Every structure is written in structure tokens, then in C-alpha cells.
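Below: the structure, in C-alpha cells.
Chain A is the first sequence line, chain B the second, and so forth, proteins listed ahead of strands; every chain is numbered from 1. Computed from a prediction, not measured in an experiment: that's the story for all the values here.
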There are 2 protein chains.
Amino acid sequence: MDIGSDAPPLTPAGRRIVDAAEELFYERGITAVGVDLIAEHSGVTKRTLYNRFGSKDNLVAAYLAERDRRWRSAVRAAVDASDGAEEAVTAPFEALRSWTTTYTRGCAFLNALAELPDPRHPGHRVAAEQKRWLLGLFEELAAAAGCHGPATLATRLFVLHEGAVATAPLSLGTVAAAGDLARALVRAAVRR
Amino acid sequence: MDIGSDAPPLTPAGRRIVDAAEELFYERGITAVGVDLIAEHSGVTKRTLYNRFGSKDNLVAAYLAERDRRWRSAVRAAVDASDGAEEAVTAPFEALRSWTTTYTRGCAFLNALAELPDPRHPGHRVAAEQKRWLLGLFEELAAAAGCHGPATLATRLFVLHEGAVATAPLSLGTVAAAGDLARALVRAAVRR
DNA sequence: TGTGGAGTATACAGATCAGTATATCCGCGA
DNA sequence: TCGCGGATATACTGATCTGTATACTCCACA
């Protein structure tokens, strides 16, 4: 039922379809990319695409769910690699820094929300849930590090993070600036 | 030539077209809205639309230029209404707060950049230029208020602003949080 | 042996897309 | 009175859109 949550095993063709969708949707936009193009890029018939995913809307949700899965594992890896609980709070900014060297079109989820206004769209739900997850993660990490006012701090870090990823394609130095300020905020919230 | 800069006077039909485009493009997305729908909503023939704007791409640019013009005047009004140079620095956050009560689909310019990857698209240029303007404005205001490190502070305020407007549709309290943190940053940069 | 799932191949429906063609009407200023 | 710019009305082109129909091949597994 829900495509994103418990990862139904993909057939080989399904795998290739999601891979092609991930690149094309992200680089060119969701509405601008047709299913014919995705079928062609994945070396698959349109019939197979519809047998696997049922509709374009579901394929969009699968693309976002896959992106979400990979982003979360990158963030978790950065958290695990960080040196202590205080550094862990800003680990998502480290993940973002390397993430944006590969993906230069901004945030796939914010971009999707820009194109999918209808909250009933399955892709809209996946994207919105991704944002709520990140906000919750910041709060968990802030609490674990013993920060004062973890909820307020988490919202602030979340805003910084989203501002950085949203403006990353403009190359205005926002990714580094957000990380610097985030670390300063955490430092101040710990030592008090 | 350049639609946004020196505001060529619009004919009555042209005015109605831009108004309809502004609502439809913002609410439903640029690629998802066709020129036929805009012509219908503005009570105008498609022939007239093409006589006025030449192409959909140019109409998109005109829509964004109009939005930019109105947003800048709202920001300038907030700056003028602010009490002193220090408050003026965070005036854009006040403008944003009232702006987001009317426009609940996030930032028209970030949304446009999400849909228009090609930097040669006339709409892409208008949107990117809008962001650079805001960043520059923050720096001017910070310098005028005598803040320490106005460039660094401006980038930080800019990131906060963009994070707030990008996540505003999610109703996670980011607009208020960004404003609060912005005021604290300016306060700290002034008293030192 | 044979059954069913995965995938291919091709064609099609019906709608919508951006943009053009042709012809006409109206009001205003020279 | 003439001409011209703004706008209307309607029809059209050719491409592309999502989604479906029909008929086929291949292969693992029971």
C-alpha cells in the first residue's frame, strides 16, 4: 500500500525505472518529464512501467521514497561518524555539504512540494513526511546532547538547513554559512 | 527587451493576463498550467495572449517580475515602517510574516527555480536575480545599522529567510522561529 | 509438463500541449 | 476620413501527455 515505508522488493526492471525516474525527475522537474521518457531511459516498455507502479503519481512517490531512504542513511552515517553528542547535532549539515556537491538542483523534496500542491498526492505526502522527520531528528539529537531548549533549537537548525539546501543551486555560500551558524548555536546551547 | 526591469506599461488585457497567470502559476505550478487556461481565466483570447507576451516563457518571466515588484515594495514598506536602523535589518522578516498569511504555497521564486532548471529561461533569471537582491539588501541594512561583519551576518539572515519561506507551507512554526533568531543575531552584532 | 509472473512489442485512445492562420471588429488620433 | 493598434472569434497544426489493449516470449518452479 504505502510505497515508501517498508520497501517492497523491486524487480530488475522496477529498479531501473526508479533509477531513471530519480535522475530525470530531479534534474528536469516532475511535471516536465513524461513516462515515455522514463521508460526509454530505463530500457523498459511503458507497459512494464505501469505493471510495476500503476500510475505516474505512484512512480513519483516511489522516486521520492527512494531518495528519502538514501538521504536518511547518509544522515545517519554522518551522525555515527561524528565525534560526540554535541557534534552529532550538526551532523546533518556535514551530510548536506557533501550531498550538495553531487546534487546541484537543490532539495528534491522541496522541489516536489513546489510542483505537487495537492496534499493528497502520494508524492506530496512522502516529501512532507521527510521534512517532519528531519525536524524530529534535530530535536532528538539536541536533547541527547543536553542542549537547553531542544525544541526551539531544533526548529532553528531545521530552518537553517532548509534555507541552505533551498538556495544551494544559487552558489551564494549559504551551505557553509548555515553550517557555521548551526555549530555556533549548538555550542551556545550546550555551554549554559 | 527585459520584461522585469523597467516595467513596460501593460494594456488592459495584458494586465488581466498577468493577474490570472500570477494566481494560476503560483497555486498550481508553472508547467502544470497551460496557456489556454490562463486565457480562459483572464477572459482573453489566446491570440491576444501571444500578441502581448510572445511565448509562455516570456509570460512566466512577466509573472515573476510582477511578483518581484510587489514583494520588493512590501519589503521597502516594512523597512520604512521600522523603528530605527537595527530593527530595519530584520524588517524583511516582518514583511514575510504578513506575506505568508496570504500566500500559503511558499516562495514563488524558489518554486519557479524548482521547475525551471535551465538558467537561460527568462523566468529563471528573474527568480535568481530576486534572491541576489534580497541578499544584497540584508548586507546594506546590516552595514547601515553598524553591525559587525555585515557580509557574514547578511548571508546568515538570508539563509534564515529562505528556510522560513521554503518551509512555510508545512506549518512547522519556521517563520516565527526564523524571525526570532534573526533579531537575536542582529542584536548580538550591534552590541559589540 | 505446464502454469503463472515478468517482461517485450506495437498500436491506440482521448485529452492537452504550445503556437499559428485567417478574418473581423472597435476606438482613437492625425 | 483614414489608418492603425488592441482585441475578438474560430479553427487548426503537430507534438506530447497519461493510460490501455492485444498478443507475444521467456523462464523458474512445482
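- Counting heavy atoms from C-beta outward, B:Arg15 and B:Pro9 have side chains that stay 4.5 Å or more apart.
- Across the protein-nucleic acid pair, A:Arg52 atom CZ and D:dT18 atom P stand 20 Å apart, rounded to whole Å.
- As rounded to whole Å, 16 Å separates atom C1' of D:dC17 from atom CD1 of A:Ile30.
- Among residue pairs with one or both ends in residues 131-157 of chain B, those qualifying as ring-ring contact (aromatic ring centres under 6.0 Å, His included) are B:Phe93-B:Phe138; sequence neighbours excluded.
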Revision key, fill the gap. Once base and sugar-phosphate atoms are separated, protein heavy atoms under 4.0 Å mark nucleotides 19-30 of chain D, 5' to 3', with B, S and - as BBBB--------
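- The ring pair (Phe, Tyr, Trp, His ring centres under 6.0 Å) check on B:Tyr50 picks up nothing, with sequence neighbours excluded.
- B:Tyr26 and B:Tyr103 have perpendicular rings, their planes meeting at more than 60° on a 0 to 90° scale where under 30° would count as parallel.
- The interatomic distance linking B:Asn51 (CG) with C:dT24 (P) rounds to 17 Å, in whole Å.
- When the side-chain nitrogen and oxygen atoms of A:Thr48 are compared with OP1 and OP2 of C:dT8, one or more of them lie within a distance under 4.0 Å.
- Note: CG (B:Leu49) to C1' (D:dA9) measures 15 Å, nearest angstrom.
- Neither OP1 nor OP2 of D:dA7 sits under 4.0 Å from any side-chain N or O of B:Arg16.
- A salt bridge is absent between A:Glu87 and A:Arg183; no separation between the charged side-chain nitrogens and carboxylate oxygens falls under 4.0 Å.
- Considering all non-hydrogen atoms of both residues, B:Asn111 and A:Ala114 come closest at OD1-CB, 3.3 Å.
- Across all strands, A:Thr11 comes closer than 4.0 Å only to sugar-phosphate atoms, never to a base (heavy-atom distances).
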